[in-house]
> 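Mind looking over this structure? Questions follow.
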Amino acid sequence: MTQDLFGELSPELIREHLMEGAVVLRQFALADAEWLLNDIQRVTTQAPFRHMKTPGGHAMSAAMSCCGDQGWVTDTRGYRYQSEDPTSGQPWPAMPESFRNLAGKAAVAAGFEGFEPDACLINRYEPGAKMGLHQDKDEQDFSQPIVSVSLGLPQVFQFGGLKRNERPVRVPLAHGDVVVWGGPARLRYHGVLTLKAGDHPLTGVCRYNLTFRKAR
DNA sequence: CAGTGGCG
DNA sequence: ATAC
C-alpha cells in the first residue's frame, strides 16, 4: 500500500517488464482468486479436466479444460480450437464473468485496450507436471495479447524468444500473479518448469493457470 | 505437420 | 541437476 497523489491508500500495482510487450502484474488477481477458483470448480464440473494427447501420442502432464466460445484441444489429429468439448460433444461452458472481467482488467493494466477473449484454457498442474517451451500460434488473431493467470502453488515460468533455441528467462510466479504478452512479444516461446510439491491454502496440492486468448 | 514432449 |  502506498500514499497516492490524492492522499488515499491504494494498492500498488507491481508491474515487472519482461521484454517489449510482456509484463508480469504481481498479485493482480489476488482479490479475485476465490471467485476465480469457484468458477474453475463450476466450469470443470461441466467440462472435467483431462490429459489430452499431443499429435505425437504423448499424454500432456497438465490436465486441461476450457471455457468460452472456443476451446484449445490437442489429439493425435493435431492442435486446434473448436467450439465443442470432444469428451462430451457439448459446447464448452460459457466463460464466467469473473474470468472475462479479470482478463480485461489485466490487459488494460498491461497496456492492451479492448481485449475480448473468446477462449480460456484452464490448466491444472500437479507435482511433476510441466509445459515445454511452445508458441501460442493456433489463434487466427495475433493482434490480441495473451493473458495468463496463476492460482495456487508457485511455478517457474520460462519466457523465451521468437525461436526455440533462444535461452528463456525464468520468472517465478506465485498465486495471483498475471502475465500479459502481446504486440512484438505475442509469438515468444514460453512454458513452465516441473511443479514442485507443496500445499496451498486455497488450492491444496496444485496450481491452476487460466490462459485467455482471442482465437478468432 | 506438431517439440504444449521425451530421451541419452 | 541441467543442456542440447
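Predicted, not measured: the structure shown is a model, and the values here were computed from it. Every chain is numbered from 1, with letters handed out A, B, ... down the list of sequences.
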> Does a salt bridge link A:R216 with A:D69, judged by any charged N lying under 4.0 Å from a carboxylate O?
no
> In whole Å, what separates the C1' atom of C:dA3 from that of B:dG3?
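After rounding to an integer number of Å, I get 15 Å for this pair.
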> Taking NZ, NE, NH1 and NH2 as the nitrogens, is one of them in A:E166 or A:R164 under 4.0 Å from a carboxylate oxygen of the other?
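So A:E166 does not pair with A:R164 through a salt bridge.
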> Between B:dT4 atom P and A:L133 atom CG, what is the distance in whole Å?
9 Å
> Rounded to whole angstrom units, what separation is found between the CE atom of A:M52 and the C1' atom of B:dG5?
16 Å
> Considering only side-chain heavy atoms of A:R170, which listed nucleotide, C:dA3, B:dA2, B:dG5, is closest?
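When the side chain of A:R170 is considered, C:dA3 is the closest of C:dA3, B:dA2, B:dG5.
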> Nearest-Å distance, NZ (A:K53) to C1' (B:dA2)?
16 Å
> Do A:Y79 and the base of B:dC1 stack face to face, with centres under 5.5 Å apart and an angle between planes under 30°?
no
> Between B:dG6 and A:K130, is there an OP1 or OP2 to side-chain N/O distance shorter than 4.0 Å?
yes
> Starting from the 5' end of DNA chain B, give me the residue, A:M60 or A:G78, whose nearest nucleotide shows up first.
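It is A:G78, whose closest nucleotide lies nearer the 5' terminus.
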> So what does A:T74 hit on the nucleic acid, given a heavy-atom distance under 4.0 Å: a base, only sugar-phosphate, or nothing?
nothing
> Testing A:L153, A:V24, A:V192 one by one against A:L173 for a side-chain contact (heavy atoms from CB on, under 4.5 Å), which residue passes?
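So the option named by the test is A:V24.
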> Any side-chain donor-acceptor pair under 3.5 Å between A:W72 and A:D138?
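Yes, because at least one side-chain N or O of A:W72 sits under 3.5 Å from a partner of the opposite role on A:D138.
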> Considering every strand and a 4.0 Å limit on heavy-atom distances, what is the contact class for A:D138: base, sugar-phosphate, or nothing?
base
> Rounded to whole angstrom, note down the C1' distance from B:dT4 over to B:dG8.
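It works out to 22 Å between them.
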> Could you list by number each residue of residues 144-164 of chain A showing a heavy-atom separation from DNA chain B of less than 4.0 Å, or answer none if no residue does?
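Of all residues in residues 144-164 of chain A, the ones placing a heavy atom under 4.0 Å from DNA chain B are A:R164.
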> Ring-plane angle category for A:W181 and A:F157, please: parallel below 30°, perpendicular beyond 60°, tilted otherwise.
tilted
> What integer distance in Å separates A:L195:CG from B:dT4:P?
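Distance, rounded to whole Å: 20 Å.
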> Nearest whole angstrom, please: distance from the C1' of B:dC1 to the CZ of A:R80.
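After rounding, the reported distance stands at 14 Å.
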> Can you measure A:L187 atom CG to B:dT4 atom C1' for me and round it to whole angstrom units?
15 Å
> A:I122 has an atom CD1; how far is it from atom C1' of B:dT4, in whole Å?
17 Å
> Decide, yes or no, whether a salt bridge links A:R26 with A:D177 under the criterion of side-chain N to carboxylate O below 4.0 Å.
yes
> Any salt bridge between A:D136 and A:R213, counting N to O under 4.0 Å?
yes
> Any side-chain N or O of A:R77 less than 4.0 Å from the OP1 or OP2 oxygen of B:dC1?
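No, because none of the side-chain N or O atoms of A:R77 sits under 4.0 Å from OP1 or OP2 of B:dC1.
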> Can a cation-pi geometry be assigned to A:R186 and A:F142, taking NZ or CZ under 6.0 Å from the six-membered ring centre and within 45° of the ring axis?
no
> Taking atom P of C:dA3 as reference, at what distance in whole Å does atom CG of A:N165 sit?
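Going from A:N165 (CG) to C:dA3 (P), I get 14 Å.
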> Of the listed nucleotides (B:dG6, B:dT4, C:dA3), which one gets closest to any side-chain atom of A:R167?
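For A:R167, the side-chain atoms sit closest to C:dA3.
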